[in-house]
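Here, residue 1 is the first one in the sequence, and each next residue gets the next number. Here the structure is a predicted model, which is why all the values come from computation and not from measurement.
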Amino acid sequence: MVRCFLIHTVCPVSALSAGESRLLYSRMFGPDEAVLTEQHRELSPEERRLLRKEKLAVVARQVRSAVSLTREAAGRALVEAVPGEEALVLQEADSGVMRLRAGDPFNEEGSAVWLAVHSLAFTLVCEPHENLLLAEGSLRSLSRHCLEDLHLLGQGSEVLLKSSRVDVLLSRLLPHGQLLFLNHRFAQSLEKEVAGYMSK
């Protein structure tokens, strides 16, 4: 099962310092047990929300560091993306998996599968026993839909204003945080359904 899905920045943004990452969208799946310890269960709903937000920000910073290291090791410079070339940019995207130890930031161990496309990163945090190849395939599909249907690479595109559309994508492609094994026919019908909704 997937614990959460994140969209965040991995390149410097003018309002942020060099090492920071801005969390643009997040969605948690399942109960709070993986996030909250016994001592945190008595917190108010607002305090719980802030604690969850901080834990997700920790994951975003860790992924940002991994992306920076990957790009430095490959010696690739970041080239400005042109809207309409989403498929090409997605093929050249950096990707990786990192282990999240218990207590850093969640109570239980997990894995973070990430895909960095230009200045954005898409991240799935999964339970440790999850099929990581299936998670990567689902993440690539989600990322492709976000980039193509929501035009996230365009100038002034605001993920924050398109969160309801991202929610619909997640409900179709990752229902309740469950990774789906898709055969060709089911994948095509799912693609048509998503395309129909996004064209509205």
Side-chain angles (χ1 to χ4, degrees), residues 1-70 95-117 119-132 134-136 138-139 142-143 146 150 152 157-179:
M1 181 167 168
V2 173
R3 290 184 188 158
C4 62
F5 172 71
L6 309 173
I7 301 175
H8 54 93
T9 60
V10 290
C11 288
V13 177
S14 58
L16 302 175
S17 67
E20 288 187 70
S21 179
R22 176 176 284 166
L23 195 60
L24 301 174
Y25 176 87
S26 66
R27 170 91 180 265
M28 298 282 294
F29 298 101
D32 286 343
E33 278 75 36
V35 178
L36 303 174
T37 61
E38 287 298 324
Q39 65 188 19
H40 295 131
R41 299 207 197 285
E42 288 80 36
L43 296 175
S44 71
E46 180 63 18
E47 291 169 325
R48 281 183 177 199
R49 186 187 69 77
L50 291 173
L51 181 65
R52 276 193 303 271
K53 185 177 177 182
E54 179 53 38
K55 288 183 182 274
L56 296 177
V58 168
V59 173
R61 285 192 297 268
Q62 290 176 350
V63 169
R64 185 193 184 289
S65 296
V67 170
S68 297
L69 288 172
T70 301
S95 63
V97 177
M98 51 188 262
R99 182 174 159 247
L100 301 173
R101 292 173 294 168
D104 184 28
F106 301 109
N107 295 336
E108 300 169 2
E109 189 176 308
S111 300
V113 180
W114 56 266
L115 183 71
V117 180
S119 60
L120 293 176
F122 300 88
T123 305
L124 285 178
V125 176
C126 306
E127 292 181 353
H129 58 78
E130 199 59 72
N131 182 335
L132 296 179
L134 182 59
E136 183 184 2
S138 297
L139 183 61
L142 271 168
S143 304
C146 285
L150 305 179
L152 297 184
S157 68
E158 285 292 325
V159 178
L160 304 172
L161 299 176
K162 300 173 180 178
S163 62
S164 62
R165 290 181 172 252
V166 177
D167 284 337
V168 169
L169 280 174
L170 286 172
S171 70
R172 300 292 193 273
L173 301 173
L174 204 65
H176 306 289
Q178 295 294 321
L179 294 172

Hey, are the side chains of [X] and [Y] touching, using non-hydrogen atoms and a 4.5 Å cut-off?
X: V113; Y: F122; value: no
X: V10; Y: L120; value: no
X: F5; Y: L169; value: no

S68 meets the side chain to side chain contact (heavy atoms under 4.5 Å, CB included) criterion, sequence neighbours left out, with R64

How close do [X] and [Y] get, counting heavy atoms only, and between which atoms?
X: A121; Y: V63; result: CB-CG1, 4.3 Å
X: A112; Y: L100; result: CB-CD1, 4.1 Å
X: R3; Y: G110; result: NH1-CA, 4.0 Å
X: V168; Y: S171; result: O-OG, 2.8 Å
X: V97; Y: W114; result: N-NE1, 4.0 Å
X: V59; Y: T123; result: CG1-CG2, 4.3 Å

In Å and rounded to the nearest 0.5 Å, what is the [atom1] to [atom2] distance from [X] to [Y]?
X: C4; Y: R52; atom1: SG; atom2: CZ; answer: 11.5 Å
X: S65; Y: M98; atom1: OG; atom2: CE; answer: 8.0 Å
X: R22; Y: I7; atom1: CZ; atom2: CD1; answer: 14.5 Å
X: C146; Y: L139; atom1: SG; atom2: CG; answer: 9.5 Å

Under 3.5 Å donor-acceptor, S21 side chain and T9 backbone = yes

E47 (side chain) donor-acceptor with S44 (main chain) under 3.5 angstrom = yes

Does D104 have any side chain to side chain donor-acceptor pair (under 3.5 Å) partners at least two apart in sequence or in another chain, and if so, which?
-> Q62, R101

Partners of H129 by side chain to side chain donor-acceptor pair (under 3.5 Å), sequence neighbours excluded?
-> E127

Sequence neighbours excluded, which residues qualify as salt bridge (charged side-chain N to carboxylate O under 4.0 Å, His left out) partners of [X]?
X: E54; value: R61
X: E109; value: R99
X: R27; value: D167

Please report the C-alpha distance between L179 and L174 in whole Å, then the side-chain angles of each, then the deciding distance to 0.1 Å, and finally whether the side-chain contact (heavy atoms from CB on, under 4.5 Å) criterion is met.
-> CA-CA 6 Å; L179 294 172; L174 204 65; 3.4 Å; yes

Are L56 and H8 close enough, and set up right, to give a side-chain contact (heavy atoms from CB on, under 4.5 Å), and what steps lead you there?
-> CA-CA 10 Å; L56 296 177; H8 54 93; over 6 Å; no

